[in-house]
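What follows is one structure encoded as structure tokens, with my remarks underneath.
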2 protein chains.
Amino acid sequence: MFNLMSKKAKTHIPRGVVVRLTRYYAILQELRSRRAQWVSSSDIAEWLGLTSSTVRQDLSHIDFRGISRKGYNVEGLAATLAKTLGADTTWSMVVVGAGNLGHALALHEEFPRKGFHIKGVFDSDPAKIGRRIGSLRVMDVLTLPRFIYEKKIDIGLIAVPSQAAQQVADLLVAGRIRGILNLTQTHIVTPKTVPVAATRIVSSLQELAHLIKRQS
Amino acid sequence: MFNLMSKKAKTHIPRGVVVRLTRYYAILQELRSRRAQWVSSSDIAEWLGLTSSTVRQDLSHIDFRGISRKGYNVEGLAATLAKTLGADTTWSMVVVGAGNLGHALALHEEFPRKGFHIKGVFDSDPAKIGRRIGSLRVMDVLTLPRFIYEKKIDIGLIAVPSQAAQQVADLLVAGRIRGILNLTQTHIVTPKTVPVAATRIVSSLQELAHLIKRQS
DNA sequence: TAGATTGTTAATCGATTAACAATC
DNA sequence: TAGATTGTTAATCGATTAACAATC
């Protein structure tokens with residue numbers, strides 16, 4: 001058979017690689033703001049505590065080539081990574097849970113700067129519903145599925161107490177959410193079509209606590 | 001040679017295993033509150049989307065044995081995991097950065113409930129220094145190293161803008177902090193003796209964005 | 001007892017690293 | 001040109017899974 005397709009097959013990038021690509025992208029943006037032109041795999045590796053082999057291996061998953069003796073063109077690589085990571089698009093989000101954490105997320109300035117826009121904040125507590133958070137008003141969680149569906153919201157952030165996490169996930173899925181970021185401790189279950197990422201802060205603290213204990 | 005030592009050598013638990021142990025521990029606490037007596041490796045595996053082999057393999061790292069036909073005693077396993085993860089101790093923390101995120105962290109009720117107590121909040125912005133957050137007052141970041149050293153603070157939470165993350169890490173290290181939780185995007189460098197955990201929220205969103213794009 | 005579940009060894013799988021020809 | 005750096009193949013390493021004897 002003749003293979004007329006672009007060299008790089010768009011096959012499934014392993015999740016661990018994607019995670020590292022997000023970190024490369026963060027560095028690339030920094031370099032870009034410093035007007036750097038070129039970056040080598042060993043530069044990136046050193047900043048992130050990896051080997052240059054890993055970096056090159058990872059970058060071989062995306063459709064961008066470096067140049068011998070020079071490395072990778074900063075602008076070009078940044079653009080390709082942006083595309084791979086969806087950073088060239090804007091994404092709409094809702095925050096569920098208007099407690100301290102939900103409140104902070106709704107006001108977090110870095111999100112819109114990176115293309116992630118919060119379109120609504122929800123809670124089940126009557127005392128919180130109707131309150132202002134920045135330019136938004138807290139809505140009743142009962143209206144969540146309809147809101148997601150009508151506004152075509154992409155991503156839901158779960159910032160409720162752990163016990164309610166699965167229920168909220170179900171509401172998000174009912175509204176046809178496309179992805180979920182779970183900020184609680186609890187493991188949530190979704191259909192395979194709805195990817196979930198989790199940032200377990202308490203878990204991370206416990207992991208640290210273990211590492212500290214081990215030190216001494 | 002005779003081996004009179006306990007069967008389980010206290011050797012270095014791989015970091016990936018520790019991360020999963022924190023998740024097992026969360027489940028165990030839930031089970032305990034429901035007065036469950038026994039749990040099997042396959043129960044845990046199913047709730048977390050793992051195999052029972054992985055669970056048993058992980059639990060073989062800690063000094064607690066299950067019982068054939070019954071599984072693991074919930075109380076006993078919870079206690080052993082608590083010890084391994086330092087959840088049987090209380091830990092003192094500082095939050096650096098009194099923006100929205102730092103503010104939310106300082107007020108987050110789950111931390112003290114899990115034994116992580118916030119003893120101080122710091123910022124460099126004169127407009128923020130002196131403000132009240134709950135029962136604390138925002139202090140000048142210049143006084144951070146001395147505070148850590150004198151109060152023997154265990155863990156520092158970095159919740160400042162990315163550009164300042166490394167500087168803050170250096171101040172924490174100068175004060176002899178024992179571990180750092182980095183909530184910014186940026187990779188920070190510390191001496192080997194100071195473990196760092198990171199919860200990259202924007203990275204997680206970009207990871208989701210990639211997975212969503214792949215779906216369609 | 002029979003059968004379910006552990007703990008552990010061995011096999012498999014995947015991810016990281018090393019190595020090096022190609023190349024600019 | 002000589003030498004640095006890529007892209008990729010092969011080797012290594014570690015983590016996950018399978019399998020099963022031990023056992024309650």
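Heavy-atom basis, side chains included; hydrogens, waters and symmetry copies ignored. Per chain, numbering begins at 1; letters A, B, ... match sequence-line order. The structure displayed is predicted, hence computed values, not measured ones.
Listed nucleotides: D:dT16, D:dT8, D:dC24. Nearest to the side chain of B:Ser68: D:dC24. Among C:dT6, C:dA15, D:dT8, the nucleotide with an atom closest to any side-chain atom of B:Tyr72 is C:dT6. Of the candidates D:dC24, C:dT8, D:dT8, the closest approach to any side-chain atom of A:Arg56 belongs to D:dT8.
Rounded to an integer number of Å, the gap from B:Trp38 CH2 to C:dT6 P is 11 Å. Residue A:Asp58 contributes atom CG, which lies 15 Å from atom C1' of D:dT6 at whole-angstrom precision. Look at CZ on A:Arg69: it is 17 Å from C1' on C:dA21, rounded to the nearest Å. Atom-to-atom, CG of A:Asp43 to P of D:dA4 comes out at 14 Å; the value is rounded to the nearest Å. Spacing between atom NE2 of A:His61 and atom C1' of C:dG14 amounts to 11 Å, rounded to whole angstrom units. B:Leu59 has its CG atom 15 Å from the P atom of C:dT5, to the nearest Å. One interatomic measurement links the two molecules: CD1 of A:Ile44 to C1' of D:dT6, which rounds to 12 Å at whole-angstrom precision. Computed from coordinates, the B:Arg65 CZ to C:dT5 P distance equals 18 Å when rounded to whole Å.
Comment: A:Arg20 engages A:Asp58 in a salt bridge, judged by a side-chain N to carboxylate O separation of less than 4.0 angstrom. Taking 4.0 Å as the cut-off between side-chain N and carboxylate O, B:Asp154 and B:Lys119 do not count as a salt-bridged pair.
Heavy atoms of B:Ser53 sit under 4.0 angstrom from at least one base atom. Nucleic acid contact for A:Ser41: sugar-phosphate only, since backbone atoms but no base atoms lie under 4.0 Å from a heavy atom of the residue. Within the nucleic acid shown, B:Arg20 comes within 4.0 Å of sugar-phosphate atoms alone, with no base atom in reach, counting heavy atoms only. Contacts of B:Thr54 with the nucleic acid, taken as non-hydrogen atoms under 4.0 Å apart, include base atoms. Across all strands, B:Ser40 comes closer than 4.0 Å only to sugar-phosphate atoms, never to a base (heavy-atom distances).
Remark: D:dC20 base-pairs with C:dG7. Criterion, Watson-Crick or G-U wobble with two distances under 3.5 Å. For D:dC13, the paired base is C:dG14 (Watson-Crick or G-U wobble, both distances below 3.5 Å).
Atom CZ of B:Arg214 is surrounded by more than 12 heavy atoms from other residues, nucleotides or ligands within 6.0 Å.
Projected onto DNA chain C by closest heavy-atom contact, A:Pro14 and A:Lys70 fall at different nucleotides, the more 5' of which corresponds to A:Pro14. Between B:Gly66 and A:Ile67, it is B:Gly66 whose nearest contact on DNA chain C lies nearer the 5' terminus.
No hydrogens or angles were tested; on distance alone, nothing pairs the side chain of B:Gln57 with the base of C:dT8 as donor and acceptor under 3.5 Å.
In this pair, A:Phe147 and A:Phe122 present their aromatic rings perpendicular. The plane angle is above 60°, beyond the 30 to 60° band.
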### Task
Would you check, one step at a time, whether the test side chain to side chain donor-acceptor pair (under 3.5 Å) holds for A:Thr22 with B:Ser203?
CA-CA 6 Å; A:Thr22 65; B:Ser203 280; 3.1 Å; yes
### Query
Going through the distances and angles, do A:Ser40 and A:Ser42 end up as a side chain to side chain donor-acceptor pair (under 3.5 Å)?
CA-CA 5 Å; A:Ser40 72; A:Ser42 40; 3.2 Å; yes
